[in-house]
Amino acid sequence: MMHLPPTRAGHLARALSATAILLFLAMPIVIILVTSFGADGIGTFPPKEYSTHWYEQMAAPGGNWATSIALSSLIAALTTVFSLILGATAATALARGRLPLHTAVYGLVLAPLLIPQVVIALGLFLFFEPAGLLGSPLAIALGHTVLAAPIAILIMISTLKAIDERLEDAAASMGASRMTIARRITFPLATPGLIAAAVFSFITSFDEFFIAQFMSTPDTRTLPVLVFNALQFDVDPTVTAVSAVLIALAILALALVTLVRKLSGHRSQQGGVLPVEPLT
Amino acid sequence: MAGTALAPGKVRVKKTSAMRGHRSRLALVNAVPVTVFLLVLFVYPIIGVLSLSLKGDSGGFTLHWYADALSGVNLSVLLSTLRISAETAVLSLLVGFVLAHAIARMRPVFAALAMLIVVVPHFISALVRTYGWIIMLGEHGLINSLATSVHAPGAPYSLLYNETGVVIGTTSVMLPYTVLVLQGVMRGVDGRLLAAAAGFGASRLTIFRRIYLPLVAPGIGTAGLLSFILCLGYYITPALMGGDKQTVVAALIDQQVMKQDQWNSAAAFGVILLLLTFAGLGVLGLAKLRRTKAHARRSSS
């Protein structure tokens with residue numbers, strides 16, 4: 001109902017309801033951040049005393065938390081490498097080339113984002129279990145790539161589509177080889193997209209719970225699996241500090257992507273940070 | 001290229017057939033890695049789930065696992081999953097509509113800020129957000145201490161470890177999707193249509209009901225179905241905020257694999273989830289097809 005002159009009551013009602021809903025979205029995050037500095041442990045808000053005790057406990061070398069943070073980082077780094085390779089090639093095929101079976105390949109790429117993750121996780125469990133690969137960081141990273149690569153591909157397709165192909169054509173008409181064009185023109189222009197794809201792949205893997213849960217063993221538990229267990233079974237207040245670090249990581253990643261896009265002069269639309277808007 | 005008059009901004013190097021051939025070869029080669037990867041680690045494992053769900057204890061074909069999944073306690077878990085998903089879809093649609101509508105009328109600065117608050121949580125682990133809700137909704141959590149301090153009737157409320165808690169949590173997870181989809185449709189509404197109706201003397205309610213709502217209806221359908229589908233296999237929030245009883249199918253699958261070694265039964269549940277998802281996607285696809293056809297008919301006549 002844009003463009004109709006607002007009534008005062010309608011304006012007030014809209015402002016109030018929007019504020020309430022935005023609070024609904026933001027409150028759980030604010031609460032975690034504040035609680036993580038509370039001295040009195042789980043579940044009391046606001047805390048009566050403040051301390052950094054849980055952060056010290058989380059970082060304690062050799063502890064469960066430090067070990068799983070290292071494991072999750074390794075898996076996320078591997079996932080990022082795999083999805084960038086798959087993303088760059090697939091996006092080149094889908095955005096630039098005349099690909100026979102274009103729709104089929106595109107559908108295959110989108111499917112992992114829509115199929116229930118529990119089904120994917122179960123399938124991967126059945127796939128890796130007989131080979132004795134449960135708990136292998138490489139196998140978990142391959143599993144995470146099933147979810148991360150589609151996101152990387154979607155980001156890179158939109159990046160490639162935004163590059164003016166006439167620049168490449170012009171270079172070609174002046175005698176540049178395909179390698180030179182890729183290296184000197186396409187790659188520099190696509191760098192912001194590559195960085196965004198890398199960041200989102202890393203976060204997707206670092207936060208992923210279901211596949212890691214099905215493919216982990218008691219010795220190899222990723223951070224989300226450990227957090228889930230802590231929330232379900234124990235009452236280890238360290239989990240508040242871990243959660244706060246995960247929040248900080250997500251916000252940092254988003255800030256990085258936004259900054260890179262700003263610096264490269266990319267004009268993003270509203271909500272353009274969200275790479276996945278399926279079926280619209 | 002001499003002698004060819006080209007409009008400025010439309011200069012293109014004419015592509016030779018050799019270049020075109022190169023392009024399709026290039027595309028084929030580049031499509032190979034992702035296709036092979038997804039066929040091996042996505043399609044093949046899901047076929048594995050399907051075949052396991054049809055395999056009897058001694059190896060032959062059986063529908064036993066489906067019969068088992070669709071009876072007794074298992075059926076009630078399936079039904080409560082569908083109920084929770086439907087409740088979440090309706091709630092996040094209502095809340096999402098109000099918010100998207102408000103954002104559409106905000107000044108650009110506030111609209112951008114609001115969209116940031118919608119999008120940022122989406123990138124924060126659902127585990128962490130669920131934990132935030134657990135702290136907030138507990139017996140001594142923020143909501144209940146507020147309600148008690150103002151002497152609200154019936155306080156403290158039990159908001160955790162029951163379906164109310166689960167639906168609050170899942171709604172907050174699905175809300176970014178509905179807001180984004182609805183935002184997209186609302187931005188596309190031509191304001192002149194509304195102004196024209198107002199010019200003919202239509203009341204606000206009539207304009208909303210007869211013009212605005214039909215125009216954004218496709219977005220409402222997409223957003224609702226999308227959150228329903230995404231909810232079907234969702235696990236984290238129901239597992240942590242639900243009661244002692246198993247409440248959703250995904251939790252049941254996890255339990256059957258991890259604790260009971262009932263892989264066949266887990267596979268049957270997986271296939272049922274898959275079929276429900278396909279049904280939802282099918283409805284979405286059909287609706288889109290019908291709109292495209294209607295649009296084509298309108299613009300050709």
Side-chain angles (χ1 to χ4, degrees), chain A residues 1-4 14 17-18 21-22 24-29 31-32 35 43 45 86 89-90 92-93 97-99 105 108-109 112 114-119 122-127 142 146 166 169 173 203 207 209-210 224 227-228 231-232 243 246-247 250 254 270-271 273-274 277 279-280, chain B residues 12-13 23-24 26-27 30-31 33-35 37-38 41-42 45-46 48-49 95 98-99 102 104-105 114-115 117-121 123-125 127-129 131-133 135-136 138 142 172 175 180-181 183-184 191 194-195 198 212 222 232-233 235-236 240 250 253 266 270 273-274 277 284:
Chain A
M1 301 276 280
M2 300 156 259
H3 306 277
L4 290 191
R14 258 195 311 277
S17 55
I21 298 168
L22 292 172
F24 172 79
L25 280 164
M27 265 325 264
I29 295 158
I31 289 221
I32 293 275
T35 312
F45 185 90
L86 294 176
T89 49
T92 309
R98 298 148 191 278
L99 182 66
V105 176
L108 180 66
V109 165
L114 294 164
I115 300 293
Q117 282 184 15
V118 57
V119 181
L122 180 61
L124 287 167
F125 172 82
L126 298 176
F127 183 82
L142 285 171
V146 174
R166 284 173 301 173
D169 292 344
S173 75
I203 284 281
D207 277 352
F209 165 71
F210 230 128
V227 169
F228 184 85
L231 292 180
Q232 198 172 35
S243 301
L246 284 174
I247 293 172
L254 276 177
Q270 255 184 358
V273 245
L274 194 71
E277 291 176 55
L279 298 167
T280 49
Chain B
R12 287 201 69 100
V13 177
R23 294 218 142 199
S24 58
L26 188 79
N30 277 313
V34 78
T35 311
F37 178 82
L38 287 178
L41 281 171
F42 174 66
I46 285 178
V49 173
V95 178
V98 172
L99 182 58
R105 299 210 58 164
M115 283 311 282
I117 299 178
V118 171
V119 169
V120 169
F123 288 102
I124 293 170
S125 161
L127 266 172
V128 170
R129 284 180 285 154
Y131 183 31
W133 279 113
I135 298 179
M136 245 165 95
L142 183 68
S172 81
L175 200 53
L180 281 165
V181 173
Q183 256 287 295
L194 311 179
Y212 190 67
T222 306
L232 283 176
Y235 175 66
I236 291 173
L240 293 176
I253 293 177
L273 279 186
L274 208 58
T277 306
L284 269 182

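Computed from heavy atoms alone, side chains included, the values below leave out hydrogens, waters and symmetry copies. Naming convention: chains lettered A, B, ... in sequence-line order (proteins, then strands); numbering from 1 in each chain.
By number of non-hydrogen pairs under 4.5 angstrom with chain A, the leading residue of B/P45, B/P33, B/G270 is B/P45. Of the listed residues (A/V109, A/V119, A/L22), the greatest number of heavy-atom pairs within a distance under 4.5 Å of chain B belongs to A/L22. Of the residues considered (B/G48, B/G132, B/A266, B/G184), B/G132 shows the highest number of contacts with chain A, using heavy-atom pairs under 4.5 Å.
When heavy atoms are compared at a cutoff of 4.5 Å, A/I203 approaches chain B solely by way of its side chain, counted from C-beta outward. When heavy atoms are compared at a cutoff of 4.5 Å, A/L246 approaches chain B solely by way of its side chain, counted from C-beta outward. For B/L232, no part lies under 4.5 angstrom from a heavy atom of chain A. If you measure heavy-atom distances from B/S172 to chain A, the contacts under 4.5 Å come from both the backbone and the side chain. Using a 4.5 Å cut-off between heavy atoms, A/V105 contacts chain B through its side chain alone, with no backbone atom that close. Only the side chain of A/F209 has a heavy atom closer than 4.5 Å to any heavy atom of chain B.
A/M27 contributes atom CE, which lies 5.0 Å from atom CE of B/M136 (distance to the nearest 0.5 angstrom). The CG atom of A/L86 sits 11.5 Å away from the CG atom of B/N30 when rounded to the nearest 0.5 Å. Atom CD1 of A/I247 sits about 10.0 Å away from atom CZ of B/R129, to the nearest 0.5 Å. Going from atom CG of B/L273 over to atom CD of A/Q117 covers 12.5 Å, rounded to the nearest 0.5 Å. Note that OG1 of B/T35 is 6.5 Å distant from CG of A/L108, once rounded to the nearest 0.5 Å. Interatomic distance, CD1 of B/I135 versus CD1 of A/I31, reported as 7.0 Å (0.5 Å rounding).
Considering every non-hydrogen atom in both A/D207 and B/S125, the closest pair reads OD2-N, 3.4 Å. Among all heavy-atom pairs drawn from A/A26 and B/I117, the shortest one is CB-CG2, 4.2 Å. The minimum heavy-atom distance linking B/P121 with A/L25 is given by the pair CG-O, 4.1 Å. What you find for B/V98 and A/S17 is that their closest heavy atoms are CG1-OG, 3.4 Å. Across every non-hydrogen atom of A/P116 and B/G233, the tightest pair is CB-CA, 4.0 Å. A/A93 and B/A27 make their closest contact through CB-O, 3.2 Å (heavy atoms, listed as atom of the first residue, atom of the second, distance).
Between A/V118 and B/Y235 there is no side-chain heavy-atom pair separated by less than 4.5 Å. When side chains are defined from C-beta on, A/F228 counts as touching B/L240, because their heavy atoms get closer than 4.5 Å. Counting only heavy atoms from C-beta outward, the side chains of B/Y131 and A/V227 never approach each other to under 4.5 Å.
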*Go through the steps for B/F37 and A/L142 under the test side-chain contact (heavy atoms from CB on, under 4.5 Å), then give the verdict.*
CA-CA 9 Å; B/F37 178 82; A/L142 285 171; 4.0 Å; yes

